[in-house]
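Only one structure is covered here, and it is reproduced in the block below.
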There are 2 protein chains.
Amino acid sequence: MKPIRVTIFEDNKHLRESLYYLISGTEGFCCSDAFADCNDLVFQLKKSMPDVVLMDIEMPGMNGIEAVKIIKQQFPQVQILMQTVFHDDDNIFNAVCAGASGYILKTTSPEGYMEAIKDVYEGGSPMTGSVARKVLALFQQNVTPKGNTDYQLTPKEKEILQQLIKGKSYKMIADVVGSSYETVRTHMKNIYAKLHVNSNTEAVLKALQEKIV
Amino acid sequence: MKPIRVTIFEDNKHLRESLYYLISGTEGFCCSDAFADCNDLVFQLKKSMPDVVLMDIEMPGMNGIEAVKIIKQQFPQVQILMQTVFHDDDNIFNAVCAGASGYILKTTSPEGYMEAIKDVYEGGSPMTGSVARKVLALFQQNVTPKGNTDYQLTPKEKEILQQLIKGKSYKMIADVVGSSYETVRTHMKNIYAKLHVNSNTEAVLKALQEKIV
DNA sequence: TTTTTTATACCGCAAATGCGGGAGGGCATC
DNA sequence: GATGCCCTCCCGCATTTGCGGTATAAAAAA
């Protein structure tokens, strides 16, 4: 069983070295490299070939978020564990969007660190509870506009609406669902009535917003 | 220090009772009630006054997701921990949207259960690593599609597109933006050309997806 | 200053859409 | 057997859209 290769990006010398020794000294892990900044990021990673990158958010030069984007683009298989001092909503949000797989605080215990590294490596997404709560909160904010009104659409109607919100015209829809153009029109009439709309765009809008599809 | 009050909703009798004894038998916890379904949900909760609700997703009658919505509406301070057998994307998504604060699998160990309950109570959001990963994945899917392509829309064009994705017709748009119907049409032509679309719906779709607005 | 861009506005025509109606077949429920 | 629901298809007509022009004036850029 080969060890999990970890590369560290952390500007604080003390923490960086502590982590280096912690990881190197743990059975089953191997700290392939430790950097203070993201200069030559891609080049360094090509050499290091890590399984997991431990990335600080606050860093001089290129910040952690930018680095995550680049890493995910160039080495999509690499798992990234973010570490930060603060509970900053924006940072969490951005890191998650950029493609980080885990998010822990620097106050985490050494054992916690090692568990988290193992977890991201195995496909999990470790987060300290409060970070997770923030992610969920963001998630709820950004996605909840999910009206739950039931419009009683029939399967066929849903199918057609599905196609409509892909930008298809009636003719194309008819083709896809295997009905005649006229039939599609009939369905649309019914859909409009059920959704209480009277135009193409309104239907698309409503369908997308309320996730009726 | 008063104990954390937990109410269980779980249709499986064996698991329900196991959890009941587990929670009751743990220092600092108190299982205020355990139900097999969500009948009289609100009434029962008023009596139980739990701090944390342990909710099964798959249940006869009202399912767990619906229950979460109601609980969060009626008792917003109550923390909800979902439990499920499966890793079903839709369920996770819906539960999170509905307002669940944590999400664990039934295969979780007794200690894991207790930790999770404590965690939600304290404002965290425990999730098994793989669940967290799925939530993040959903998050990334739903939020990142932030197209960075620049379509070079002029202010007026953006304004008009803005209106279009509200479901307005050209006439109505003309009225809102204070231009003539014909002018709006001209702008639309240009917008379509810039977005590389050729229908109403496609434009709305693209505008919404890429958040050009 | 000349050119380009933006916003304004109109005409015309073909196509698509919205809306009203009618009509038959299948299938399940009552 | 009757009723209701869903899916199917068609007709007609008024309106809206998509797309091709043309054109003017102000503003911005060259």
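Just the heavy atoms: all of them, side chains too, but no hydrogens, waters or symmetry mates, feed the values below. So you know, we letter chains A, B, ... as the sequences are listed, proteins then strands, and number each from 1.
As a whole-Å value, the separation of Lys171(B) NZ from dA9(C) C1' is 17 Å. For the pair Met188(B) CE and dT8(C) C1', the computed distance is 17 Å after rounding to whole Å. Taking atom CG on Asn198(B) and atom C1' on dA15(C), their separation rounds to 12 Å, with Å as the unit. Between the NE2 atom of His187(B) and the P atom of dA9(C) there is a distance of 8 Å, rounded to whole Å. As rounded to whole Å, 13 Å separates atom C1' of dG18(C) from atom CD1 of Ile191(A). Distance CG (Leu164(B)) to P (dT17(C)): 14 Å, rounded to an integer number of Å. The CZ-P distance, from Arg185(B) to dC13(C), rounds to 13 Å in whole Å. A straight line from CD of Glu182(B) to P of dA9(C) spans 10 Å, rounded to a whole angstrom.
Shown here for Pro126(A) and Val120(A), the closest heavy-atom pair between the two residues is CD-CG1, 3.3 Å. Of all non-hydrogen atoms in Lys72(B) and Gly99(B), the two that sit nearest each other are CE-O, 3.3 Å.
Base contact: Tyr181(B) has a heavy atom under 4.0 Å from a base atom. Here Ser169(B) lies in heavy-atom contact (under 4.0 Å) with sugar-phosphate atoms only.
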Apply side-chain contact (heavy atoms from CB on, under 4.5 Å) to the pair Gln83(A) and Glu10(A), showing each step before the final yes or no.
CA-CA 9 Å; Gln83(A) 50 174 341; Glu10(A) 165 61 57; 3.5 Å; yes

For Arg16(B) and Asp56(B), run salt bridge (charged side-chain N to carboxylate O under 4.0 Å, His left out): C-alpha distance rounded to whole Å, both residues' side-chain angles, the deciding distance at 0.1 Å, then the answer.
CA-CA 10 Å; Arg16(B) 184 171 69 249; Asp56(B) 188 15; over 6 Å; no

Does the salt bridge (charged side-chain N to carboxylate O under 4.0 Å, His left out) test come out yes or no for Glu202(A) and Lys206(A), once each step is laid out?
CA-CA 6 Å; Glu202(A) 282 182 293; Lys206(A) 206 150 189 170; over 6 Å; no

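Counting non-hydrogen atoms of other residues, nucleotides and ligands closer than 6.0 Å to NZ of Lys156(A) gives a total above 12. No more than 12 heavy atoms of other residues, nucleotides or ligands sit less than 6.0 Å from atom CE of Met49(B).
Each of Ile160(B) and Ser199(B) was assigned the nucleotide of DNA chain C with the nearest heavy atom; the assignment lying further toward the 5' end belongs to Ile160(B). Comparing Ser179(B) and Asn200(A) by the nucleotide of DNA chain C whose heavy atom lies nearest to each, the residue mapping closer to the 5' end is Ser179(B).
Shown here are the side chain to side chain donor-acceptor pair (under 3.5 Å) partners of Glu58(A), two or more places apart in sequence or in another chain: Thr84(A).
Residue Ser180(B) has a polar side-chain atom (N or O) positioned under 4.0 Å from OP1 or OP2 of dC10(C).
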Reading nucleotides 22-30 of chain C from the 5' end, what letters show protein touch, with B for base, S for backbone sugar-phosphate only, - for no heavy atom under 4.0 Å?
---------

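For the atom pair NE2 of His187(A) and CG of Leu164(A), the computed distance is 13.5 Å after rounding to the nearest 0.5 Å.
When DNA chain D is scanned 5' to 3' for any atom under 4.0 Å from a heavy atom of chain A, the first and last hits are dC6(D) to dG12(D).
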